[in-house]
There are 2 protein chains.
Amino acid sequence: MIPAKNNYQFEDMLDKHQLKKTAPRLRVLSMMYSKNTATSQPDLENVMHDIDRVTLYRILNVFEEKGIIHKVFDLDGTANYAVCHSDCEAHHHHDEHVHFNCTVCKNVYCLNELSLPSITLPAGFRPESFTLYASGLCPKCDKKNSAK
Amino acid sequence: MIPAKNNYQFEDMLDKHQLKKTAPRLRVLSMMYSKNTATSQPDLENVMHDIDRVTLYRILNVFEEKGIIHKVFDLDGTANYAVCHSDCEAHHHHDEHVHFNCTVCKNVYCLNELSLPSITLPAGFRPESFTLYASGLCPKCDKKNSAK
DNA sequence: ATATAAATGCAACAATATTTCATTTAGAAT
DNA sequence: ATTCTAAATGAAATATTGTTGCATTTATAT
Ligand SMILES: [Mn+2]
Ligand SMILES: [Mn+2]
Ligand SMILES: [Zn+2]
Ligand SMILES: [Zn+2]
């Protein structure tokens with residue numbers, strides 16, 4: 001589903017966005033591409049002890065600006081970031097898919113396959129984008145749950 | 001649309017939920033019922049200087065627990081609170097309506113009239129609740145915008 | 001009027017995010 | 001290869017946001 005990427009491809013990505021190929025950026029990229037769930041700033045901080053917190057914030061911000069990753073808030077309101085698969089451009093995201101937040105493992109899944117049902121808003125509202133959040137049990141946690 | 005309420009009704013509400021009728025609580029209630037948009041903690045803090053920050057947090061928390069208000073995160077991830085109109089009970093909310101976040105005035109509107117379209121998730125996911133967020137121009141900001 | 005549990009206010013603390021600036025480094029120019 | 005420079009990082013300071021503990025006040029039941 002998510003196409004795996006190697007380090008050369010990550011370097012290309014940074015090149016393409018006129019970002020310098022630095023070690024912290026490559027590590028963040030490879031971490032985010034290796035998972036099928038979104039990553040929070042605390043997640044990164046816990047794994048990459050040697051990289052400064054501020055650097056992580058800045059990497060997340062610039063990646064979001066460039067359209068490499070997009071931000072999703074989970075049930076607690078903490079920001080999670082996931083790689084974009086919708087040919088997003090700088091300052092112009094198109095990540096209008098469903099997000100699933102597991103109530104047990106707290107992971108956030110991007111359900112890129114699902115497009116949103118169209119919906120009509122009350123008169124006067126001019127919507128520009130939609131996001132649908134679903135929460136409940138993810139496949140893993142549901143399996144564990146029904147096993148016992 | 002939103003039924004206006006007077007102070008006696010606010011007192012009744014607190015009574016019904018076994019909460020003491022205190023001045024801070026009544027003021028928060030009346031502020032939230034007087035608007036048709038959600039209220040953030042900073043909003044409250046800016047208006048009610050004389051009430052302690054911590055008290056406001058506690059009021060919001062207990063109101064949410066009791067099913068009087070529900071929490072909505074806006075585009076920046078800040079928590080906003082809006083009155084419930086879905087006969088919510090303590091620890092059991094049913095606020096599955098559409099939320100609209102205006103990109104200009106930043107206001108969050110509960111579109112209680114709109115129910116959510118049903119949606120089928122990929123195999124394995126066991127959803128328990130849904131929220132649909134829309135963002136764009138609210139009626140007011142759209143009108144101002146097209147005027148000039 | 002009194003008693004008591006609940007609620008508030010204040011101070012301290014913790015967690016999270018941003019700003020500033022000195023130092024380092026990637027990539028371009030020579 | 002060496003030098004140069006803008007970009008990126010790291011570290012400290014500051015700001016913002018949310019929580020905890022405790023003394024004081026207050027709503028309400030008796
Ligand atoms: Mn996504
Ligand atoms: Mn709502
Ligand atoms: Zn899960
Ligand atoms: Zn607006």
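All chains are named by letter (A, B, ...) in the order of the sequence lines, taking the proteins before the strands, and each is independently numbered beginning at 1. Excluded from the calculations below are hydrogen atoms, water molecules and symmetry mates; all remaining heavy atoms, backbone and side chain alike, are included. Computed from a prediction, not measured in an experiment: that's the story for all the values here.
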Legend entry - Rounded interatomic separation in angstrom, taking CD from Glu45(B) and P from dT8(C): 15 Å

Inset, instruction - Answer yes or no: is there an ion pair linking Asp50(A) with Arg27(A), defined by an N-O contact shorter than 4.0 Å? - result: yes

Legend entry - Euclidean distance, atom CG of residue Leu56(A) to atom P of dA8(D) [Å, nearest integer]: 15 Å

Legend entry - Nucleotide dT25(C), atom P - distance to CG of Leu26(A) in whole Å: 15 Å

Inset, instruction - Taking the six-membered ring for Trp and the single ring otherwise, decide whether the centroids of Phe100(B) and Tyr133(B) are under 6.0 Å apart. - result: no

Can you give me the N/O atom pairs linking the protein to nucleotides 27-30 of chain D at distances under 3.5 Å, or say none if there are none?
unit_1  : atom_1 : unit_2   : atom_2 : d
dA27(D) : N3     : Lys20(B) : NZ     : 3.3
dT28(D) : OP1    : Lys21(B) : N      : 3.2

Inset, instruction - Could you check whether the rings of Phe73(A) and Phe73(B) sit parallel, tilted or perpendicular, using 30° and 60° as the cut-offs? - result: parallel

Inset, instruction - In whole angstrom, give the distance that lies between atom CE of Met48(B) and atom C1' of dT8(C). - result: 15 Å

Inset, instruction - Rounded off to whole Å, could you give me the CD1-to-C1' distance for the Ile59(A) and dA7(D) pair? - result: 13 Å

Legend entry - Nucleotide dA8(D), atom C1' - distance to NE2 of His17(A) in whole Å: 18 Å

Inset, instruction - For nucleotides 10-20 of chain D, just jot down a letter per nucleotide in 5' to 3' order: B, S or -, based on protein non-hydrogen atoms under 4.0 Å. - result: BBB----SBBB

Legend entry - Residues that Lys106(B) engages under side-chain contact (heavy atoms from CB on, under 4.5 Å), provided they are two or more places apart: none

Inset, instruction - Specify whether Phe10(B) and Tyr33(B) have parallel, tilted or perpendicular ring planes, treating 30° as the upper limit for parallel and 60° as the lower limit for perpendicular. - result: tilted

Legend entry - side-chain contact (heavy atoms from CB on, under 4.5 Å) partners of Leu75(B), counting only residues at least two apart: Asn101(B), Thr103(B), Ser135(B)

Legend entry - Atom pair distance, as rounded to whole Å: CD in Glu65(A) and P in dA7(D): 14 Å

Inset, instruction - Report the residues that fulfil side-chain contact (heavy atoms from CB on, under 4.5 Å) with Val104(A), sequence neighbours left out, ordered by chain and then residue number. - result: Cys102(A), Leu137(A), Cys141(A)

Inset, instruction - Check whether the ring centres of His70(B) and His99(B) lie less than 6.0 Å apart, and answer yes or no. - result: yes

Inset, instruction - Using the test salt bridge (charged side-chain N to carboxylate O under 4.0 Å, His left out), find all partners of Asp12(B) that sit at least two apart in sequence or belong to another chain. - result: none

Inset, instruction - Measure the distance from CG on Leu14(B) to C1' on dT8(C) and round it to the nearest whole Å. - result: 15 Å

